[in-house]
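Within every chain, numbering begins at 1; the chains are lettered A, B, ... in the order of the sequence lines, protein sequences first and strands thereafter.
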Amino acid sequence: MTDARTPIIVGGDRGPQPSLGAGSPAAAGGPRADEDLLAGLNPPQREAVTYRGQALLIVAGAGSGKTSVLTRRVASLLRNKEAWPSQILAITFTNKAAGEMRERVEQLVGDSARGMWISTFHSACVRILRREAEQFGFTKSFTIYDSGDSRALIKRLVKDHEADAYGLTPAGTQGRISKLKNELADAESYARQANMSDPAERVFVDVFTDYQRELQRANAFDFDDLIGQTVYLFRAFPHVADVYRRRFRHILVDEYQDTNHAQYALIHELTRPPGSDAPPIASGGMMIFEPEPSAEDAASLTVVGDSDQSIYAFRGADIRNISEFERDYPGAKVVLLEQNYRSTQNILSAANAVISHNFDRKDKKLWTDVGAGEKIVGFTGYSQHDEAQFVADEVDTLRREGIDYSQMAVFYRTNSQSRALEEIFIRSAVPYKIMGGTKFYERAEIKDALAYLVAVSNPADEMAMRRIINKPRRGIGDVTIETISRYAQDEQITFRDALANSSALGVGPKIQAAIAHLDAVLAEATDLMLPASGELAPPTAVAEGLQLLLGRTGYTDALRASRDPQDEARVENLDELVAVAREFARNNPEGTVIDFLAEVALVSDADDLEDASGSVSLMTMHTAKGLEYDAVFVTGVEEDLIPHRISAGEPGGPQEERRLFYVGLTRARKRLYLSLAMTRAQFGEVSVAMPSRFLQEIPPELLHWRQSPGDVNSRGGTQSRALNARRPGGGSGFGTSASRYGDDLVPRSTSIEKFANRIPAKVRDNGDMQLAPGDRIRHDDFGEGRVDAVTGEGAKRIAHVRFDAVGPKKLLIKIAPIEKL
DNA sequence: GAAGGCAAGTTTTTT
DNA sequence: ACTTGCCTTC
């Protein structure tokens, strides 16, 4: 995030000039410096690495080695001295992908990789905006509002405008504003084409306008603004845009199919020839020699994508960005990568078959030469817990076959599905890691702590001030807050500065003292973290400042004094946040609290953890994009889940769901499992689930049903008929093994009675029950058994038990339903 | 201003 | 089923 080391190279001062231009020096003959970079690449991959021209589209199917191609392309540019690191801008989808790419380029070219910009759209824009914020009414210390922050602000505005009377909800309003911003519309441009005689439209425009005004007043950008305002900046200040157009000579964008219009526009701005829209006289134009702009001067653009993996249309991604690339960039070269190096042929054939049901797509067939591999395994559980138990058992089997936990992943459509899996995994002692879900940084205590940091680093941010002013309780309520706010407005100062004049507020002595104390602590923390005199804060300043704030304000003490057991965990979370700050200091010795906040705001689920080594990964199919595992479980393959019910009504919805399913399938290298449940509890009600239509799109010979939907509907009830009705005349499909056993056969190993409500809502806690090898125990479900061994530490101690009836099992001692005999 | 009780919405995916 | 937010009461 910090970038003091990398000076911008401006036009006219490009430093030593690497060989540039249309004729690739490498192609001109002679030994290539990058021959080893091409080792092991197939012909299209080579082409994608070596092609030199203004625009290149790499259509990279799943698992076709695009990351390899992209990194080698960058490495070869550097190696051949066609570009300096500082002239390269590579955009990836997540921070994690950016980190990996940097690492891989460094492996290829060593230290000369330094100075490249490899980051997400959002991070790159933050860097640009930090430098240029003062051009348009922001300061360098602006804060970034995440969706929660902007939701809170919108909520207040909706209330102020009594907009709920016109059917505006905070969530809906936020969604509309986000969509509009992704289209680069603002309140004014929207109002111009909206039907303003509709009062609901008028009030929406009012809320939108106020929202934007509040953001500006708070010196803050929301996620969408980071992109949109950068585009605005480039368009409004061509001389600023030219700085970056001259700097970045090679722009590479990964996952191009998931870019939205604003991101498209940003790339478009950056790839225009410098000077092309600067008025000749303006902005020192006479000082800098400006040659007649030509297409040759524009940065070269490489985009990589696969329209079959476009899964973010719901947040404004426009598939046309990739499908019309050749029109947008005339003369663009297109390279197709279709050979897959990841999955077995069976997995690919299934994926190909599914995705081919999407009409309106360019036909593309992945293939591999690694062989058919294992069949895909299907399983139908009676309930989501039954399904989860299957997954847990199978994970165990795979582990015994030698596949590491870290090489297995379980995918689901919605985050809420993770709960049942979690419960079963805990009981089966399968180590797991949930990627995403309820995020660390969304916890109340973490948001509070971060708000304290914002209060220090961006005094204009009144939202943050309001958040912390009475946490912990200081006796400052709504009335006092409004008094301070009014005082600040009257005096034309910020809310933060108003605290310094607590005596002028006309509040009671107790409250006045509380305000003065808060002001003093904030001032002290500011001195520590952002020393005024130009001296640099020590790297540890963020962590220390955070501890100072939480300690001196009594925040931690209040949690400790509480008798709510959850507050204990909150203290631990805060400790973890301090640890994160320390880690940040190690990685960014010159990073300030402002950089820290930006980094924290922009981390995503996929970035989250280090490799979760030794654990099975649980995540949504969206999060799974770009990842790969030896064994993959796609769970909840049911109608109304995948495809999700809500998508059914949206144009293009079912097709996007199919692409999402396709993404899930293609993550698997060797083993693929598809599972579903016949009943699923949601909203507290148990409802009957139907197998997903996507299952029927998989050729039956590729799929082995361990337990098919037909097996489970053995009584030939309405479900079974409903299923058959979906496939008139279709012989294959579900129930292959049902037909083998006949419709009336009772399912073998499982029954509804056995699995109904097996899982208690509350997990029990055995405390620190001591077990040793040789001890005998009794388990609620498994009966009596003997302990073979105990492994693990603390709350994660695991007993390896040989049960008399059911054989060996592993149990998490703390929560297993067991008693010592 | 705080605590406790009731109502409502929640579960589509995310930088 | 579960959480969150709003309202009442102290």
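- Looking at heavy-atom distances under 4.0 Å, A/R645 makes no contact with the nucleic acid at all.
- Taking each heavy atom of A/L226 and A/C125 in turn, the nearest pair found is O-CB, 3.2 Å.
- Taking OG1 from A/T120 and CD1 from A/I91, the interatomic distance works out to 7.0 Å, rounded to the nearest 0.5 Å.
- One P atom belongs to C/dT4, the other to B/dT13, and the distance between them is 16 Å to the nearest Å.
- Applying the ring pair (Phe, Tyr, Trp, His ring centres under 6.0 Å) rule to A/F633 yields the partners A/Y673; only residues at least two apart in sequence or on another chain are considered.
- Distance from the side chain of A/K155 is smallest for C/dC6 among the nucleotides C/dC6, B/dA2, B/dT15.
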Can you give one letter per nucleotide of nucleotides 7-13 of chain B, 5' to 3': B if a protein heavy atom sits under 4.0 Å from the base, S if only from the sugar-phosphate, - if neither? ---BBBB
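- Between A/I642 and A/V634 there is no side-chain heavy-atom pair separated by less than 4.5 Å.
- The aromatic rings of A/F234 and A/Y244 lie tilted to each other, with the angle between the two planes from 30° to 60°.
- At a threshold of 4.0 angstrom between heavy atoms, the contacts of A/I476 are confined to the sugar-phosphate backbone, with no base atom among them.
- For the pair A/E423 CD and C/dA1 P, the interatomic distance rounds to 13 Å; values are reported in whole Å.
- Taking the six-membered ring where the residue is Trp, the centroids of A/H357 and A/F661 are separated by 6.0 Å or more.
- Separating the CZ atom of A/R680 from the P atom of C/dA1 is a distance of 16 Å, rounded to the nearest angstrom.
- A/K96 has its NZ atom 12 Å from the P atom of B/dT15, to the nearest Å.
- Comparing A/R474 and A/R315 by the nucleotide of DNA chain B that holds the closest heavy atom to each, the one mapping nearer the 5' end is A/R474.
- For the pair A/A601 and A/T480, nearest-nucleotide mapping onto DNA chain B gives the more 5' position to A/T480.
- Summarising the geometry, the separation between CD on A/E599 and P on B/dT15 is reported as 14 Å, rounded to the nearest angstrom.
- Phosphate contact (OP1/OP2 of B/dA3, side-chain N/O of A/R473, threshold under 4.0 Å): present.
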